[in-house]
S.K.: 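Provided herewith is a single structure, encoded as C-alpha cells, for subsequent inquiry.
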Amino acid sequence: GIDFKVKTVEVQGKKVKLQVWDTAGQERFKTITTAYYRGAMVSHKRDTRVEERVSQQAASFDSNASAGVSRMLLGNKCDIEAKRKVSKETGEKLAKDHGIRFFETSAKSSINVEEAFIALAGDILLKTGKRPVSTGSNTPGAGGREVHLNTTEKKASKCSLL
Ligand SMILES: Nc1nc2c(ncn2[C@@H]2O[C@H](COP(=O)(O)OP(=O)(O)OP(=O)(O)O)[C@@H](O)[C@H]2O)c(=O)[nH]1
C-alpha cells in the first residue's frame, strides 16, 4: 500500500517540513506507485544487480516524475556490515554516474538518516529557489518559520530517493 508521514528537518537553522510517501516496492503496485512520483520518495535497497535496478528506477523517474526532481541513492542497512552485498565504492560510482548524492544509511541504527533528509531538503530548496525565511519568531508554526514542501505546491514537491 501507500502511506505518508511528515518529517521535519532543519536546514540553515530553519525548519523544513517534508511530506514523505512510502510506496510499496512490489511489482504489483507499480502502476499505482509511479503515479505518486511527483511528490514521492522511493527507497531502493535491493542487494542484487544493483546497477541494473538503479538504472531501471532512474528511467522510471525520468518517465513518471516531474522534470528536475531531486534524487539520491541510499545504501541502507549499513549497520550489518557482515551481510554487505554492495560495496561502498559501487554505490558511490553508481550515484556519480547518475549525478546524484549517495549515503550509506541505517534506518535501524539511525545512521545518516537525518543527514540524507537534510541534504535532500537543501537540494529541493535550492532548486525551487525557496529559502526558509525567518520571521523573527522562534516558535515553529507560530510565526510562519516552517517551509512546507508538499504535493499541493506547484514546484516544491521534488524529491525522490532511488
Ligand atoms: N538491520 C537493519 N534492518 C533494517 C534496516 N532498515 C530496515 N530493516 C529491516 O528490513 C526489513 C524490511 O524493511 P521495510 O521497511 O519493510 O522495507 P521496504 O523497503 O519498505 O519494503 P517494501 O515495502 O517491500 O518496499 C524489516 O524487517 C526492517 O526491520 C536497517 O537499516 N538495518
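All heavy atoms count here, side chains included; hydrogens, waters and symmetry mates do not. Remember, it's 1-based here, ligands and their atoms both numbered in the order they're listed.
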S.K.: Which of the atoms of ligand 1 are close to D79, meaning less than 4.0 Å from one of its heavy atoms?
M.R.: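 Close to D79: 1 (N), 2 (C), 30 (C), 31 (O), 32 (N).
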S.K.: Would you check if there is a donor-acceptor pair between the side chains of D79 and S106 at a distance under 3.5 Å?
M.R.: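 Present: a donor and an acceptor within the cut-off.
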S.K.: Mind checking whether R101 and D123 have side chains closer than 4.5 Å, heavy atoms only?
M.R.: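 Of all side-chain heavy-atom pairs linking D123 with R101, at least one is under 4.5 Å.
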S.K.: Between E81 and K88, does any NZ, NE, NH1 or NH2 come within less than 4.0 Å of an OD or OE carboxylate oxygen?
M.R.: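 No, no charged N to carboxylate O under 4.0 Å.
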S.K.: Is any side-chain heavy atom of L120 less than 4.5 Å from a side-chain heavy atom of L18?
M.R.: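 Side-chain contact under 4.5 Å: no.
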S.K.: Near N76, which atoms of ligand 1 are under 4.0 Å from a heavy atom of that residue?
M.R.: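 The list of qualifying atoms is 5 (C), 6 (N), 7 (C), 30 (C), 31 (O).
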S.K.: Would you say I80 and ligand 1 have an N/O pair spaced under 3.5 Å apart?
M.R.: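 No, no N or O pair falls under 3.5 Å.
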S.K.: When you measure from atom 7 (C) of ligand 1 to each heavy atom in K108, E104, K83, K77, which option holds the nearest one?
M.R.: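 Ranked by closest heavy atom to atom 7 (C) of ligand 1, first place is K77.
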